[in-house]
Amino acid sequence: MEGDFDFDIIIQSIPYLAEGMMLSFQLALLGIVGGVVFGTLLALCRLSPFAPLSFIAGSYVNFFRSMPLILVIFWFYFLVPFIVGRPVGGFWSVTIAFIMFEAAYYCEIMRAGIQSVTVGQVYAGQALGLTYRQNMQFIVLPQAFRNMIPILLTQAIVLFQDTSLVYVVGLGDFLVHADIVANRDNRLMEMFSTVAVVYFVICLMGTLFVRRLQRKFANE
Amino acid sequence: MNETEKTTPSAEPSSASCMIRMEDVSKWYGDFQVLVNCTTKVDKAEVVVICGPSGSGKSTLIKVINGLEPFQEGEITFDGVSVGDPATNLPKLRSRIGMVFQNFELFPHITITGNINLAQLKVLGRNDKEAEKRSMELLERVGLMDQKDKFPAQLSGGQQQRVAIARGLAMDPAAMLFDEPTSALDPEMINEVLDVMTELANDGMTMMVVTHEMGFAKRVADRVIFMDEGRIEEDCSKDDFFGGERGERAQEFLSKILTH
């Protein structure tokens, strides 16, 4: 009946929803890993004493932080095939859009992290004969990551929520699959409530985990 | 001191016994001049103590030797290699100069052994076994074998500084630079660090030590450099310095730190 809350429809659609969730997770994971790697490189450029390099990285960050994510997703959907010269499919254009967009935010986090490592540590590495690259790899970045783990994870939670925006290019993520079931069976209330609860639980667990980490670091 | 050497026109400034040579070195931070025409040299196996009031440029003087701080004028050579020459491979040069810092600067994210191993592995290209062997020898020498698997934060200041010395020695350096190695230590830990340094000096290590520990200077130093306002005001043998052959500024400084 229309008026009753129908749990059966939720249970029946679990496999289909799970399939959507897999895509959400994949996008989030690729976005986080790619974003952190690219963002760290951007941060190194931003902190470079070579002015043109830091200017370009700074402009990149300011540009992407001034764009709505949904626009970037749309834009890359048309831009990437145009640049590559052949269709790449929604998944890869969206993945690239996420990495490019999130890198701007991860850049700022990593920049703060690198700057949180004292100049004395840098000197100590240099004095031992480490090259700039070795000093970054073995001394500065491990400490920067460690100092920034809570903020990096918080950003990862935001990114996970943002993956739901891929509905604009027709990719079947968790939200889109729920939407399809909701419209097919006219069970909007059930399906969107389920989506809300699932997102809430995942993100709350993430947030609680971050808080525990922060307490652990504070005690050390 | 070495009059004859200067009169020989063809003589290379880096004679066989000279390890560090500074000639007319000046350095500015913006408009502020931190080093003013500093000239000195350190021979092999010589121990030179640098003292002076805070802000006199002592730390900067030793940080320009391994190129941690750039300088604008003058020339510095380490074992015949020019520090200021852009063609010089600075990382390689630095790997031959051990440095110990006021705040220890052990790497907090790796163990004590890892701290001493790291540059041996990455810079000298020793394998795990060789590096481990050298690290254990040095930990034994500074008396911290039982701490080898701990992290720096679990050690006392004095212990951390001894590890830092071991970390520098692991590179088998040609000289060691000490930047106020005991200034951040509680009084009861100062001696354990000075003992290690004394032993090192007795073994013939070339050392430049920025310190206010005048007892150490009296016991161990061959020469004392006194700095004030970026200038090397005194550069004389230990006996001359403590025997009264010193200028007014140095006299004033010594009476200030010795009356406490």
Side-chain angles (χ1 to χ4, degrees), chain A residues 36-37 39-40 43-44 47-54 106 109-153 210 212-220, chain B residues 59-60 62-70 89-110 114-125 151-154 160-161 163-180 184:
Chain A
V36 168
V37 171
T40 302
L44 291 174
L47 293 170
S48 162
F50 184 57
L53 204 57
S54 83
Y106 282 119
I109 296 172
M110 285 313 294
R111 184 166 73 126
I114 290 167
Q115 286 176 326
S116 74
V117 179
T118 61
V119 66
Q121 287 283 304
V122 178
Y123 276 162
Q126 285 178 339
L128 285 167
L130 298 179
T131 61
Y132 171 82
R133 224 202 101 151
Q134 290 174 324
N135 214 4
M136 277 294 161
Q137 188 182 345
F138 301 117
I139 310 300
V140 178
L141 287 180
Q143 293 186 60
F145 269 114
R146 203 188 141 84
N147 295 348
M148 289 297 127
I149 281 174
I151 306 175
L152 288 170
L153 286 175
V210 170
R212 253 186 65 184
L213 267 185
Q214 277 172 323
R215 255 201 309 262
K216 185 170 166 268
F217 283 178
N219 289 338
E220 271 177 15
Chain B
S59 289
T60 311
I62 64 167
K63 284 203 181 90
V64 294
I65 292 171
N66 63 355
L68 285 187
E69 295 269 7
N89 182 341
L90 268 184
K92 192 166 177 231
L93 180 72
R94 287 176 184 138
S95 71
R96 302 186 54 225
I97 311 173
M99 187 153 191
V100 174
F101 299 86
Q102 183 174 355
N103 295 313
F104 331 132
E105 302 299 350
L106 294 182
F107 306 128
H109 58 297
I110 41 186
N115 265 273
I116 309 176
N117 281 350
L118 182 78
Q120 296 186 68
L121 299 169
K122 306 300 176 191
V123 178
L124 298 182
F151 283 86
Q154 294 170 286
Q160 287 191 52
Q161 196 61 300
V163 172
I165 294 172
R167 181 176 69 177
L169 290 175
M171 304 297 285
D172 298 319
M176 290 282 288
L177 307 173
F178 294 84
D179 185 7
E180 305 210 25

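The sequence lines fix the lettering, A, B, ..., with proteins before strands; numbering per chain opens at 1. Computed over heavy atoms, backbone and side chain alike; hydrogens, waters and symmetry mates excluded. Note that the structure is predicted; figures quoted are calculated from it, not measured.
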What heavy-atom pair brings Phe107(B) and Ala124(A) nearest, and what distance separates the two atoms? CE2-CB, 3.9 Å
Can you tell me how far apart CG (Leu118(B)) and CD1 (Ile139(A)) are? Round to the nearest 0.5 Å. 5.0 Å
Scored by heavy-atom pairs under 4.5 Å with chain A, the best of Arg167(B), Lys122(B), Gln102(B) is Lys122(B)
In terms of heavy-atom pairs under 4.5 Å with chain A, the winner among Leu90(B), Val100(B), Leu106(B) is Leu106(B)
So for Gln134(A), is it side chain, backbone, both, or neither that comes closer than 4.5 Å to the heavy atoms of chain B? side chain
Is it the side chain or the backbone of Ile97(B) that comes within 4.5 Å of chain A heavy atoms, both, or neither? backbone
Going from OG1 on Thr131(A) to NZ on Lys92(B), what distance comes out if it is rounded to the nearest 0.5 angstrom? 14.0 Å
Going through the checks in order, is the side-chain contact (heavy atoms from CB on, under 4.5 Å) test met by Leu121(B) and Phe138(A)? CA-CA 12 Å; Leu121(B) 299 169; Phe138(A) 301 117; over 6 Å; no
Do you know which of Pro173(B), Ala153(B), Gly168(B), Pro108(B) has the most heavy-atom pairs with chain A at a distance under 4.5 angstrom? Pro108(B)
Which region of Gln120(B), side chain (C-beta onward) or backbone (N, CA, C, O), has a non-hydrogen atom less than 4.5 Å from a non-hydrogen atom of chain A, or is it both or neither? neither
I need the minimum non-hydrogen distance between Ala127(A) and Asn66(B), along with the two atoms involved. CB-ND2, 4.0 Å
Identify the two heavy atoms, one from Leu128(A) and one from Ala119(B), that lie closest to each other, and give their separation to 0.1 Å. CB-CB, 3.8 Å
Can any side-chain N or O of Glu105(B) pair as donor or acceptor with the backbone N or O of Tyr123(A) at less than 3.5 Å? no
